[in-house]
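This is a predicted model, so every value here is computed, not measured.
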Amino acid sequence: MSESLYDELVRYASDGRTAFHMPGHKRKETFGGLLPYSLDITEIYGFDNLHDRHGILKSLSERMAKLWGADYAFPLVGGSTCGILSAVHALTSPGDSVLIDRSCHKSVYNAAELCSLSVRYVRGKPDAEFGFSLPPSASEIKKQLEANPGCKAVIITSPTYEGMIADVGAIADVASACGAKLIVDQAHGAHLAFDQDAQASAVGAADATVVSLHKTLPALTQTAALFVSDKVDVGSVESSLSIFETSSPSYPLLASIDRCVSFLEEKGGEAFRYYGKLLDKFYSAMTALENLRVCSGDAHDPGKIVLSCRGCDIGGSELSEILRGNFGIEIEMVASDYVLAMSTVADGADDLEKLADAILTIDKSV
């Protein structure tokens with residue numbers, strides 16, 4: 001292996017491996033453009049200021065709000081972590097009691113510590129077949145809120161890393177009835193506003209929703225967005241972002257957000273309809289499996305391809321190594337008895353057919 005990170009990235013980009021992992025653009029140059037060096041500027045005349053948007057970045061925010069159906073949108077260059085820290089800081093005060101989904105990302109725990117919050121927990125049940133945690137239900141959250149009156153915020157993750165989607169609408173109703181704001185970490189669901197079941201998107205239902213554009217949409221790593229409703233003090237959100245987001249935002253990353261938004265505006269409907277058909281074909285092929293199993297169902301994001309080897313002669317690590325070594329497929333995550341392959345709208349028919357053929361071939365030998 002070369003000692004140069006740049007050389008290793010160039011080598012990896014040309015070795016022919018198929019990416020079923022983040023980022024969502026899948027390293028396809030059709031979503032790119034000029035090299036970042038020529039776009040890397042600071043807040044010079046004509047290019048607005050991310051922390052005081054009045055021009056081109058204000059326009060980008062308005063386009064994003066319209067696309068996702070939000071009252072307000074904030075483009076982020078510090079990932080969903082920046083959005084979560086800012087949302088929690090803006091919607092709570094030191095000493096407040098909050099209810100947190102036990103499976104939340106570490107940024108939620110960090111936010112609770114930084115904001116001096118008193119934390120209560122709610123835990124979703126484990127999935128009986130695959131073993132990973134499910135999102136908490138509205139009834140479970142209601143039970144915890146009634147047992148801990150005075151909670152100022154509820155913080156959940158939907159979808160989960162494995163793609164399980166919470167009933168955000170019902171949870172929002174429960175939180176509101178108990179006087180709590182709802183913050184949804186939808187880092188893995190930026191695409192949900194555009195796929196076959198747009199109701200799975202938390203934007204519009206939650207008081208604050210954070211999404212990672214780079215995870216499931218064609219945008220560069222660290223690009224994200226924070227969406228808030230008109231029930232939230234926007235000034236407080238902006239003040240919080242000035243604390244947790246860099247004062248030197250990357251214009252190449254902002255340009256990547258802009259290109260992603262343009263793609264969604266111009267081609268999003270057509271692209272997601274085609275992508276939905278590719279996923280339908282993939283899962284239809286998976287019905288032939290005899291040993292391996294894939295996760296599916298109405299509450300599951302089909303783009304998160306969870307492949308279980310529970311009960312087989314191999315574990316998740318071995319399954320990942322076979323996919324990489326024998327088929328040139330790099331997956332997103334490995335667990336003890338399942339792996340996660342992340343598919344996005346940037347995947348083509350050849351990509352999903354290659355994955356399907358590999359899985360069906362492996363299935364015959366395990």
Q.
I'd like to know if Asp71 and Lys231 make a salt bridge, using a cut-off of under 4.0 Å between side-chain N and carboxylate O.
A. no
Q.
Which residues end up grouped with Val88 if you chain together Ile, Leu, Val, Met, Phe, Trp and Tyr wherever their side-chain heavy atoms are less than 4.5 Å apart?
A. Tyr72, Phe74, Leu76, Ile84, Leu91, Val98, Ile100, Val108, Tyr109, Leu117, Val119, Tyr121, Ile155, Ile183, Val210, Leu226, Val228, Val232, Val234, Val237, Leu241
Q. How far does CG of Leu340 sit from CZ of Phe132, to the nearest 0.5 angstrom?
A. 9.0 Å
Q: Using modelled atom types only, decide if a donor and an acceptor are shared between the side chain of Glu318 and the backbone of Gly315 within a distance under 3.5 Å.
A: yes
Q) Does some side-chain heavy atom of Phe282 sit less than 4.5 Å from a side-chain heavy atom of Ile305? A) yes
Q | Partner of Tyr338 by side-chain hydrogen bond (donor to acceptor under 3.5 Å, both in side chains), out of Arg310, Arg293, Glu162 | A | Glu162
Q: Walk me through it: do Tyr161 and Ser103 pass the test side chain to side chain donor-acceptor pair (under 3.5 Å)?
A: CA-CA 10 Å; Tyr161 194 21; Ser103 298; over 6 Å; no
Q. Does CD belonging to Glu290 count more than 12 external heavy atoms closer than 6.0 Å?
A. no
Q.
Any carboxylate oxygen within less than 4.0 angstrom of a Lys/Arg side-chain nitrogen, looking at Glu353 and Lys281?
A. yes
(Q) Given 3.5 Å as the limit, does a donor-acceptor pair link the side chain of Ser176 with the main chain of Asp173, or not? (A) no
(Q) Test of understanding: with side-chain contact (heavy atoms from CB on, under 4.5 Å), list the residues that count as partners of Asp357, not counting sequence neighbours. (A) none
Q. Would you say the side-chain atoms of Thr157 pair up with the backbone N or O of Thr160, donor to acceptor, closer than 3.5 Å?
A. no
**Q.** Atom pair OG/CD1 of Ser262 and Ile257 - distance to nearest 0.5 Å
**A.** 12.0 Å
Q. Which residues satisfy the side-chain contact (heavy atoms from CB on, under 4.5 Å) test with Asp233, sequence neighbours excluded?
A. Ser236
Q. What is the distance from atom CG of Leu60 to atom CG of Asp258, rounded to the nearest 0.5 Å?
A. 5.5 Å
Q | CG on Asp167 to CD1 on Ile171, rounded to 0.5 Å | A | 6.5 Å
Q | Candidate pair Phe327 and Ile362, rule side chain to side chain contact (heavy atoms under 4.5 Å, CB included), full reasoning | A | CA-CA 10 Å; Phe327 300 94; Ile362 296 169; 3.6 Å; yes
Q. Is it true that a side-chain atom of Ser256 and a backbone atom of Pro252 form a donor plus acceptor pair closer than 3.5 Å?
A. no
Q: Could you tell me the separation between the CE atom of Met333 and the OG atom of Ser320, rounded to the nearest 0.5 Å?
A: 10.5 Å
Q | Qualifying ring pair (Phe, Tyr, Trp, His ring centres under 6.0 Å) pairs with a residue from residues 347-366, counting only residues at least two apart or across chains | A | none
Q.
Quick one, His191 with Asp301, criterion side chain to side chain donor-acceptor pair (under 3.5 Å). Give me CA distance, side-chain angles, the key distance, then yes/no.
A. CA-CA 10 Å; His191 63 294; Asp301 172 15; 2.9 Å; yes
Q: Any chance you could measure Leu253, atom CG, to Thr223, atom OG1, to the nearest 0.5 Å?
A: 7.0 Å
Q: Indicate yes or no for a side-chain donor-acceptor contact from Ser80 to the backbone of Ser212 under 3.5 Å, with no hydrogens or angles considered.
A: yes
Q.
According to side-chain contact (heavy atoms from CB on, under 4.5 Å), who are the partners of Glu330, at least two apart in sequence or on a separate chain?
A. Tyr12, Arg17, His21, Arg324
Q) In terms of side-chain geometry, is the basic nitrogen of Arg53 or Glu238 positioned less than 4.0 Å from the acidic oxygen of its partner? A) yes
Q | Atom CD1 of Ile56 with >12 non-hydrogen neighbours under 6.0 angstrom | A | no
Q.
Looking at Lys354, I want to see if its NZ is surrounded by more than 12 non-hydrogen atoms of other residues, nucleotides or ligands under 6.0 Å.
A. yes
Q) Under 3.5 Å, side chain of Asp48 to main-chain N/O of Leu57, donor-acceptor pair present? A) yes
**Q.** Donor-acceptor pair, side chain of Gln186 and main chain of Ala202, under 3.5 angstrom
**A.** yes
Q. Tell me the ring pair (Phe, Tyr, Trp, His ring centres under 6.0 Å) pairs involving residues 219-245, sequence neighbours left out?
A. Trp68-Phe227, His89-Phe244
